[in-house]
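Atoms within each ligand, like the ligands themselves, are counted from 1 in listed order. The shown structure was predicted, so the numbers you read here are calculated from the model rather than taken from an experiment.
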Amino acid sequence: MKFKFDYSKKIGRLKQTLITSARLISLLWSIDKWLITANAIAVSISALVPFAFAFVFKLLIDQAVFIARGNPPNFNMVTTLFLVAFAIYLIQSLIFSAQDYFGRLLYTKVPIALFQKVLSKISSLDMEYFENSEFKNTLEKVRDSYEYRPLNMMDNLLFTFQSIVQIITSIIVLASLSPFLILVVFILAVPELISKIKQSELSWGIWDAQAEIRKRFWYVSTLLQERDSIKEMRLFELPGRFLTELKNIQENIYKENKTLATKYLGINALFNLLSGVTFIAVLFFIIWQALYKKITVGDISYYTTVITNLQNGIGGFFRNIVKLFSESLYVSSIFEVLDAQPKIIQPEKPVHLKLNKAPRIEFKNINFKYPGSKHQVFKDFSLTINPGEKIALVGENGAGKTTLVKLLARFYDLDSGEILIEGINLKDLDLTSWYKYLGILFQDFVRYEYKVKENIHFGKIWEQEVADEIVAAAKQSGADPMIQKLEKGYEQMLGRTFEGGVELSAGQWQRIALARGFLKDAQVLILDEPTSSIDAKAEAEIFGKVEKLSKDKSVIIISHRFSTVRNADKIFVIDNGQIIESGSHQELMKINAQYANLFNLQAKGYQ
Ligand SMILES: Nc1ncnc2c1ncn2[C@@H]1O[C@H](COP(=O)(O)OP(=O)(O)OP(=O)(O)O)[C@@H](O)[C@H]1O
Ligand SMILES: [Mg+2]
């Protein structure tokens, strides 16, 4: 794949590096301003120490030359210089330890805040974000970089700062010798800086353009590592095919990076040569000055060290600024995610639902398409669920049953029409208060690899764990007998990820999930094919209990099993975005249309 790089973005990127740096600094500052200050002080002192050393050394050399010329030694002066040198040495070792210590603290403290910020943001994003391919690319970049990129960038910022201290100090010292020297340094440094920045932009360009490919790469490599996928893939002999795909992706990335590196090989060598020549010329200039007695012998040593420091400073500055430039591009993706605004806008003064019964739910003339999709899932669709009603939704795969549930939870907003909860528009409701009324068990429920009791307690996490309630919920879902048989009962760890965990069958997991739904004890219980893996007898028992226990509660059951559906007060048949039939089982059988057809078809299978 060819990568494209938009040169018009260049200035924008430089600006963006500055903005990202500023934002990172302010983020770090908010995490621990003292630690940041301590680190900055430590790096600047360690940048200044070599200058102090060099200066004391210069004075010592000048003393030696003075004595060599037959002058009497100044013992006081020599002793003082040695003491000062010793003190500087002590400071240096202290600063090294301090730098190490503060660095370590920062390195372990920053991720705590970062994880919380990034993960809580990601987990609060609306569904729509996760389905937008472009944003998914950003998320992908963030996912494999938010743990360490900001830390890298923080290091780069600190070391850039250190290099700047080093460079400025060197320049001040050298300027006292000859301002002309500074000019030489700048003439050399600026083109190199520009070239380095360009290189880093190009490598980002490659990375950016490869986001789509990288997404595939991670997807395929996960497929190859997941227990659930490996089963099927082995039988279809797929691993070889996927391995080849991974290899091709990696080889392409290698090729593009190699092209880039080769392109800059010559330019880099040239810059290195040029800076070497300049520094040697400057050294000659200094020695020449000494020969003409414009400076002392000690000055030769001093300025040589300063020049070496300047050289190191500039080298370090380049290395760090280039890294800063590329890291900032990754880190800016993190800020992009942190800046993501909710698509589902909560009202300014949300209504808190305060009912102690099930609310009346009305879907009024709703129209809905998934964002970015052309398929009209609902067309002028209307449906009312009265308090305490047990209804069933039936319809072919893709008819829109699950979507209806997602709309009721306001995961998406409607294109038009309204959903009224006890007469209040869903858009005006406080969602957290509404969710307390909703007990939804999705088709693709989550298998939490936690203990059994935690798995169930997750249904009502805002309340303390009460063992009796958990057992009652498990009895209701028919999970209790099977839990009793587990070695550690309700304390049993589930799943195979953690030590001592046991794997459950699909139906057993479903019973646990159902128990979680029942524990919530919500006024509106929605079960989206929650019993597809549970045998028919158990399913009948479970639903018998649901109906008995939730007399005043509304229940929405979505199922392809007509033996379950037939017990509902009212059955809605959804087709082509609309309700085509509704009524009780008897009524629908009498009409003898679609429902009756499907029912008879299934019944025949059991005869
Ligand atoms: N996240 C999504 N983005 C875009 N389209 C979607 C999304 N989820 C579902 N759809 C589409 O919306 C339609 C309704 O899907 P939905 O999941 O509601 O069907 P369903 O009635 O629950 O089917 P099933 O019986 O298979 O569970 C389908 O055409 C599907 O392709
Ligand atoms: Mg569905």
S.K.: Check the side chains of Glu529 and Ser559 for a donor-acceptor pair under 3.5 angstrom, ignoring hydrogens and angles.
M.R.: no

S.K.: Take every heavy atom of His560, measure it against each atom of ligand 1, and state whether any distance is under 4.0 Å.
M.R.: yes

S.K.: So which protein heavy atom does atom 18 (O) of ligand 1 come closest to, and at what separation?
M.R.: Thr403 OG1, 2.4 Å

S.K.: Between Lys451 and Glu454, is there a side-chain N and carboxylate O pair less than 4.0 Å apart?
M.R.: no

S.K.: Salt-bridge test for Glu134 and Lys136: reply yes if a basic N is under 4.0 Å from a carboxylate O, no otherwise.
M.R.: no

S.K.: Of all the non-hydrogen atoms in the protein, which one sits nearest to atom 1 (N) of ligand 1, and at what distance?
M.R.: Glu131 OE2, 2.8 Å

S.K.: Could you tell me whether any N, O or S atom belonging to Thr402 is less than 2.8 Å from the Mg ion (ligand 2)?
M.R.: yes

S.K.: Is Tyr595 reaching over with its side chain to a backbone N or O of Glu587, donor-acceptor style, under 3.5 angstrom?
M.R.: no

S.K.: In plain terms, say whether Glu251 and Lys255 are close enough for a salt bridge, that is, a side-chain N and a carboxylate O under 4.0 Å apart.
M.R.: no

S.K.: Heavy-atom contacts with His375 under 4.0 Å: which atoms of ligand 1 show up? List them by number with element.
M.R.: 29 (O)

S.K.: Would you call Arg149 and Glu327 a salt bridge, using N to O less than 4.0 angstrom?
M.R.: yes

S.K.: At a non-hydrogen distance cut-off of under 4.0 Å, which region of Met127 contacts ligand 1 (side chain, backbone, both, or neither)?
M.R.: neither

S.K.: When you check the gap from the basic side-chain N to the acidic O, do Asp535 and Arg511 get nearer than 4.0 Å?
M.R.: yes

S.K.: Counting only heavy atoms, tell me which of Pro371, Ser559, Gly400, Gly398 gets closest to atom 28 (C) of ligand 1.
M.R.: Gly398

S.K.: Which of the numbered atoms in ligand 1 are below 4.0 angstrom from a heavy atom of Thr402?
M.R.: 17 (O), 18 (O), 20 (P), 22 (O), 27 (O)

S.K.: What protein heavy atom sits nearest atom 26 (O) of ligand 1, and how far off is it?
M.R.: Asn397 ND2, 2.9 Å

S.K.: Restricting to N/O/S atoms, is Thr403 within less than 2.8 Å of the Mg ion (ligand 2) or not?
M.R.: no

S.K.: Could you tell me whether atom 24 (P) of ligand 1 has a protein heavy atom closer than 4.0 Å?
M.R.: yes

S.K.: When you measure from atom 27 (O) of ligand 1 to every protein heavy atom, which one gives the shortest distance, and what is it?
M.R.: Gln443 NE2, 2.7 Å

S.K.: Under 6.0 Å between the ring centres of Tyr146 and Phe115?
M.R.: yes

S.K.: Taking only Lys NZ, Arg NE, NH1 and NH2, and the carboxylate oxygens of Asp or Glu, determine whether Asp126 and Arg410 approach each other closer than 4.0 Å.
M.R.: no

S.K.: Among all protein non-hydrogen atoms, which one is nearest to atom 5 (N) of ligand 1, and what is the separation to 0.1 Å?
M.R.: Tyr370 CD1, 3.1 Å

S.K.: Protein heavy atoms near atom 7 (C) of ligand 1, is at least one of them under 4.0 angstrom away?
M.R.: yes

